[in-house]
There are 2 protein chains.
Amino acid sequence: MRETIWTRQRSAAPARETLSREQIVKTAMEVLDGEGVAGLSMRKLAARLGAGATSLYWHVPTKDDLVDLLIDQVWGEIDVPEPELAGWRSGALLFGHSLRSAVLRHPWLPEVMYTRPSIGPNAMALGERGLVLFGAAGFTPREVDLAMGSVMSYVLGTASAEVATREMVRKSGRSEESWVSELLEQAQSVATDYPRMQESVRRRTSVNLDSELTGNFVFGLDALLDGLQSRVMK
Amino acid sequence: MRETIWTRQRSAAPARETLSREQIVKTAMEVLDGEGVAGLSMRKLAARLGAGATSLYWHVPTKDDLVDLLIDQVWGEIDVPEPELAGWRSGALLFGHSLRSAVLRHPWLPEVMYTRPSIGPNAMALGERGLVLFGAAGFTPREVDLAMGSVMSYVLGTASAEVATREMVRKSGRSEESWVSELLEQAQSVATDYPRMQESVRRRTSVNLDSELTGNFVFGLDALLDGLQSRVMK
DNA sequence: TAGTCACTCGCACACTGTACGACAACCTCG
DNA sequence: CGAGGTTGTCGTACAGTGTGCGAGTGACTA
């Protein structure tokens, strides 16, 4: 078996005080959460750790690998309820919410997660627990895979789209209302000939952004779970 | 109304032979489809057009704006059936397939689309047609928005995840089988303690990648549409 | 005390997006 | 015809980027 970033292990007790992979990952996570992908550079990260720029490369093969580690870190934050406690259906609902909020906490995720498969240890553990949860629904083994996959895709897709909106608000530095209204104005000016879009856009203006987005999310997830439920033992 | 990249218009008949925004967008699309986001640089793009590097900046404010234009171009490729022809349900199915295949044709899309809202003209036109389609199902106006949004999120999320897998295969330059089997081996080695994941991963090894991914997609979309249908006039 | 391992880091290379300002080709007006 | 303005091109330059290389340093082992 070839060595990978996941298998590599270092001596437990470093001789003197040195950088460590854990420390690098932790600091990188802070930078990423705070400044996004564009704000993370190896030089800045090293400076923040009080180290020389290229010292990081002893602990991590490339920046891309570092990002792999960070993504897997996020997968470790998601909790998947045991089906015994609440049944698979509400378990799946909780799982969905947990997954969504992890994405919202780490808004850089969508930008990078779709450029690589997730095969780190936390991703595997997450998958395992997910399969246990969906396995309790009474699906065939193949359907268990499919059901879990579709829920994850839906949740990640929705949360990613949410992030796109929320980040633009944040980056503009302006108030949510003023930004939303400008975006809508812009959209309206482009959508002059589209009455339904106009109407739909106008409907959104009057609502609180947060509850609007949460409502969207729950509606679709619920519908999807309904559809999945109807497939049990069919 | 402020000028935006969407509103800007140029003189219809350029005096001499010059670059044009259309030409730039078209060439950029080729580069992007062929080499991905990392392969698109303003200098390379200009060279390909036989122009100086910074000439592009007369036609397009920034690279980011160029990407906005490219994304909107993709939205223009998606077709949304009229509900009269096939009913909303199978229309939605067709819509989903069209959207998915656009993403697969432009695998760079997931990497960039989640970093900005889509408010270009083609996005608006797409939205309008989508609302017409889902409007035919008998939802309340609010539900029409929600239904369309959830379907788009699901499809984009699933297709994006697909792209992650497919691109890794392509980039590795090796055969699909050899790559899949190595990925699986790697995954297995990480997932030693996870019997369900092991089993699930093993199940995939024996199947054709293409039909596997298409099957996943259809299963979830179908379930979601079932769930939506049950909400009509409830 | 000598040697080896674990780790740090300065330098350099090839590349990026894009601001700036000089320049040229064409159009319009007198 | 000539003058001025508009449209468009492009060379140079700046401040960054990821990372390969090789020299150096501190600590542990024999």
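In what follows, every chain begins at residue 1, and chains take the letters A, B, ... in the order their sequences are listed. These values consider heavy atoms only, across backbone and side chains, with no hydrogens, waters or symmetry-generated copies.
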Round to a whole Å and report the spacing from [atom1] of [X] to [atom2] of [N].
X	N	atom1	atom2	result
A/Leu56	C/dA6	CG	C1'	16 Å
A/Asp65	D/dG18	CG	P	14 Å
B/Trp58	D/dG11	CH2	P	19 Å

Would you please name every residue forming a salt bridge (charged side-chain N to carboxylate O under 4.0 Å, His left out) with A/Glu167, sequence neighbours left out?
-> A/Arg170
Residues that [X] engages under side-chain hydrogen bond (donor to acceptor under 3.5 Å, both in side chains), provided they are two or more places apart:
X	answer
B/Glu111	none
A/Thr214	A/Arg100
A/Thr27	none

How would you list all residue pairs meeting side chain to side chain donor-acceptor pair (under 3.5 Å) that involve residues 31-48 of chain B, not counting sequence neighbours?
->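 Matches after skipping sequence neighbours: B/Asp33-B/His106, B/Asp33-B/Trp108, B/Glu35-B/Lys44.
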With the threshold set at 4.0 Å, does a side-chain nitrogen-carboxylate oxygen contact exist between B/Arg196 and B/Glu199?
-> no
Partners meeting ring pair (Phe, Tyr, Trp, His ring centres under 6.0 Å) with B/Tyr154 (sequence neighbours left out) =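 Residues passing ring pair (Phe, Tyr, Trp, His ring centres under 6.0 Å) with B/Tyr154: none at all.
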Qualifying salt bridge (Lys or Arg N to Asp or Glu O under 4.0 Å) pairs with a residue from residues 53-64 of chain A, counting only residues at least two apart or across chains = A/Asp64-A/Arg116
Nucleotide by nucleotide, nucleotides 16-22 of chain C touches protein heavy atoms under 4.0 Å in the pattern (B base, S sugar-phosphate only, - none) BBBB---
Nucleic acid contacts of residues 19-28 of chain B, taken as heavy-atom distances under 4.0 Å to DNA chain D |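 B/Leu19 - these, ordered by number, are the residues of the stretch whose heavy atoms sit under 4.0 Å from the strand.
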Any side-chain N or O of A/His59 under 4.0 Å from OP1/OP2 of C/dT8?
-> yes
